[in-house]
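Structure first, commentary second.
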2 protein chains.
Amino acid sequence: MRTEQAIQSKLKPEKPGPFGRGSTVSLRDVAREAKVSVATVSMVLNGNPRISRATSLRIQRLVERMGYQPNRLAQSLSSRYTNVVAVILPALRHAFADAYFGEVISGICDKAGKMGYKVMLEQAKPDFIREKQHIRIFERRYVDGVLCLGTNDRHKWVEDFGVSGCPAMVIDNSFDAFSVDHVMCDYRSGCEQVMNYLLQLGHRRIGMITAAPDIKAARTVVDTYRSKLREAGIEPNPVWIEDGKFTEEGGAQAAHKILEKDPQITAIFGGNDKMAIGAMYQVVNLGLKVPEDISVVGFDDLRHAAFVNPTLTTIHLPLYEVGMAGMERLVERIHGRPEPVREVLPTHLVVRNSTALARTVST
Amino acid sequence: MRTEQAIQSKLKPEKPGPFGRGSTVSLRDVAREAKVSVATVSMVLNGNPRISRATSLRIQRLVERMGYQPNRLAQSLSSRYTNVVAVILPALRHAFADAYFGEVISGICDKAGKMGYKVMLEQAKPDFIREKQHIRIFERRYVDGVLCLGTNDRHKWVEDFGVSGCPAMVIDNSFDAFSVDHVMCDYRSGCEQVMNYLLQLGHRRIGMITAAPDIKAARTVVDTYRSKLREAGIEPNPVWIEDGKFTEEGGAQAAHKILEKDPQITAIFGGNDKMAIGAMYQVVNLGLKVPEDISVVGFDDLRHAAFVNPTLTTIHLPLYEVGMAGMERLVERIHGRPEPVREVLPTHLVVRNSTALARTVST
DNA sequence: CAGTTTTGCTAAACTGTTTTAGCAGATCGA
DNA sequence: TCGATCTGCTAAAACAGTTTAGCAAAACTG
């Protein structure tokens, strides 16, 4: 029953819109126009050498003129690759508004763009994990791989990827309980640099605000803090360590407790910039001065650290680079790289105005 | 030539992995096992009432047992809906690390999850626009719609969506030059609240740090600032207004210029929190006190504003809610809603410690 | 009890690619 | 000069769903 009207050439997509109602050009349209099979057009577009130069050029021009765009749903269905990766963020209310994650995601997106990948966002909320969505996004062909940010030891689901053979990369952390690909910052060296610096400035009683003992990277920092103190002949006092929950508020409270239990503290080392900033806030609130009375050091070097008062001495983490590297390794993994990925990127100290020589403490 | 081995039931996906090598269950597998056609299984899954209750239940159980997951590439190819939307961010180096965008994206993702949508990330870099990628992600069936964040008047590409009939939503801004769907905060009312408050505190010479005159929302604030001054019988002095480029550094420099040109200023109103924080930093640097000498007000109410010293008085923008509403309206648009979207969400003043009664100025 | 409607399902077409098997005709080697 | 190889292309299957037309049989209607 089909009339001859269908024969009219599709040289121009008939209307600019409305979109999605059969207005786009398909391989079939190009093939019909060029009087070749769809296989030929497909092979031209994929640079298959079995097509003659003449035919190839002729079809390339036609593709150009007709404004053909391959439908990537069909491509993915056929090729079994979606060229999409997911970034899985923890279920924190302000995860997206966090400068730490932002920096990593920025690196991931830039690298993904260069490699022809798209980036999808997921949040690992309890429902998401319970419904096995983290595996389903693979089974349902949403993604070829995932990058896991902000993980901790309780995130058992990270192991599921390995078991199911789904390419996954843990960013800026690692796990003791099982083996998993990861790319992270050198937390040990970062902490060593802080401790060397503070000890050099004459600090002996150094408070440490940590957070989340269930994060391997965070534990590494505390362990290094302790061993560097011992190395310097100082027995770390348990009251010097408090939990700051990774937040400004937590950092402020932790600083308060530390200074209450040992007023002779001369420096406070925050496990991240936010807690260090909270600590500074609290120190000032207690009528003390930074850095004259108390030196404060952070860890992250968020853009913001240079704009608090006083500006914050901190460890620079190459978060953007970690994101890029993670993305790159993940794609290698997707394409069959067999060896495990265990990459560690260097960190360095940035000295600003929140640190000074230790005040002389009455002993 | 096919042997009878294929007949063995696929009740359990043969191995947990390796993934992606023909290990998943398809509609065809379920149909074979249930001894019905694929159409029947498809109809059961889509709740088509033309299937008997008995068959439906039987198949549902089988689907459950076999762990069938519909392949969404095939679904999308057939249905012409991807159930994916893109968030387009401006090409700023730290766009993802920005708390403002983070808050909006958080709202978008939460709402998207509830509506069965996935969120893709894109950055509107020059190349991206030049290659018409913003339209191509539609043509190539990556997405059903886009949400545009951080737009300004120079972003002519926003108009392309309308022209091409691609569902798009501008978030927290609008355009004079053309008509486009948008959901935004009430900038006018926010500014009015700030000005009412400062005038009530006795401030008469009020500096304003603005940014990007090519952003409609920002212009609205400056216009309102001027008209509120006039309303109070004060002729706005051009030297009171400076550009702060939306950054802390810019805010600091702008504050410096304003105070240089008119030292009798008693309050500074920053067009966003970052610039206000930069301004505070600079005011203190100049040996003045906040709020005793100079009151400072921000605009955004980023989480961080409560943790600077002194804590920042600011306008709370419902960014999370704007993200949610934008996502919701976009999906309506995708499904054919004809009326344009022009939504404005209310803002409110949050008074903290960076503002006080105006100091008495020698006239 | 013939004729119509309803019910429950199937076959086949359709979405738009990639890929493999293979067909002619030309080229080559012995 | 005959078989083998190469060249350039096509037909068809595969990917995994949705949707429409339509077929029997059962259930109604008059």
Side-chain angles (χ1 to χ4, degrees), chain A residues 1-2 6 10 13 20-59 63 66-83 138-142 144, chain B residues 1-2 6 10 13 20-59 63 66-83 138-142 144:
Chain A
M1 263 308 166
R2 56 183 150 72
K10 266 210 179 184
R21 308 286 155 244
S23 69
T24 49
V25 183
S26 78
L27 254 201
R28 212 165 251 88
D29 298 323
V30 178
R32 192 183 308 127
E33 196 72 20
K35 301 202 198 307
V36 295
S37 72
V38 290
T40 305
V41 183
S42 174
M43 288 167 132
V44 166
L45 291 166
N46 293 303
N48 191 314
R50 289 176 55 182
I51 304 295
S52 74
R53 195 147 177 67
T55 313
S56 181
L57 283 170
R58 184 168 63 91
I59 290 178
V63 161
M66 297 177 74
Y68 166 76
Q69 294 292 325
N71 177 321
R72 88 141 235 306
L73 293 170
Q75 284 185 318
S76 297
L77 184 60
S78 188
S79 72
R80 308 189 136 270
Y81 287 108
T82 63
N83 278 32
F138 282 91
E139 293 177 346
R140 300 202 52 196
R141 309 277 162 190
Y142 270 101
D144 293 337
Chain B
M1 265 302 170
R2 56 181 149 74
K10 267 209 179 186
R21 307 288 157 241
S23 71
T24 48
V25 183
S26 77
L27 251 201
R28 218 160 247 88
D29 297 323
V30 178
R32 191 183 310 127
E33 195 71 21
K35 302 198 198 308
V36 294
S37 72
V38 290
T40 306
V41 183
S42 175
M43 287 167 131
V44 166
L45 290 167
N46 293 303
N48 190 313
R50 289 177 54 182
I51 304 296
S52 73
R53 194 145 179 69
T55 313
S56 181
L57 283 170
R58 183 167 64 91
I59 291 178
V63 161
M66 297 178 74
Y68 166 76
Q69 295 291 327
N71 178 321
R72 86 141 235 304
L73 293 170
Q75 284 184 319
S76 296
L77 184 60
S78 187
S79 71
R80 307 188 140 271
Y81 287 109
T82 63
N83 277 34
F138 283 91
E139 293 177 346
R140 301 203 51 198
R141 308 277 164 191
Y142 271 101
D144 293 336

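A note on names: the letters A, B, ... follow the listed sequences, proteins ahead of strands, and every chain is numbered from 1. Here the structure is a predicted model, which means the values were calculated and not measured.
- Checked against side-chain contact (heavy atoms from CB on, under 4.5 Å), A/Ala74 has the following partners two or more places apart in sequence or in another chain: A/Asn71, B/Leu77.
- What separates CG of A/Leu57 from P of D/dG8 is a distance of 13 Å, to the nearest Å.
- Remark: B/Ser52 engages B/Ala54, B/Thr55 in a side-chain contact (heavy atoms from CB on, under 4.5 Å) (not counting sequence neighbours).
- Note that the two end axes of the helix from C/dC1-D/dG30 to C/dA30-D/dT1 enclose an angle of 50°, each drawn from 5 base pairs, rounded to 10 degrees.
- Using a 4.0 Å heavy-atom distance criterion, B/Ser76 is classed as making no nucleic acid contact.
- When each of A/Thr40, A/Leu57, A/Val41 is paired with A/Ile51, the side-chain contact (heavy atoms from CB on, under 4.5 Å) condition holds for A/Thr40 and for no other.
- Taking the side chain as every heavy atom from C-beta outward, A/Leu73 and B/Arg72 approach each other to under 4.5 Å.
- Residue B/Thr82 comes nearest to B/Arg141 through the heavy atom pair CG2-O, 3.2 Å, listed as atom of the first residue, atom of the second, then distance.
- Under 4.0 angstrom from either OP1 or OP2 of C/dC9 there lies at least one side-chain N or O belonging to B/Ser52.
- Looking at heavy atoms from C-beta onward, B/Arg58 lies in side-chain contact with B/Val36 at the 4.5 angstrom threshold.
- The side-chain contact (heavy atoms from CB on, under 4.5 Å) search around B/Ser79 returns B/Tyr81, not counting sequence neighbours.
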Under-3.5 Å N/O pairs linking protein and nucleotides 11-21 of chain D:
from   : atom 1 : to      : atom 2 : distance (Å)
D/dA16 : OP1    : A/Arg80 : NH2    : 2.9
D/dG17 : OP1    : B/Tyr68 : OH     : 3.2
D/dG17 : OP1    : B/Asn71 : N      : 3.2
D/dG17 : OP2    : B/Leu27 : N      : 2.8
D/dG17 : O5'    : B/Tyr68 : OH     : 2.7
D/dG17 : N2     : B/Ser78 : OG     : 3.3
D/dT18 : OP1    : B/Asn46 : ND2    : 3.4
D/dT18 : OP1    : B/Gln75 : NE2    : 3.4
D/dT18 : OP2    : B/Ser42 : OG     : 2.4
D/dT18 : O4'    : B/Ser78 : OG     : 2.7

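- Look at OH on A/Tyr81: it is 15 Å from C1' on C/dT19, rounded to the nearest Å.
- Rounded to whole Å, atom P of C/dT10 lies 15 Å from atom CZ of B/Arg32.
- Applying the side chain to side chain donor-acceptor pair (under 3.5 Å) test to B/Ser56 and every residue at least two apart in sequence or in another chain returns B/Gln60.
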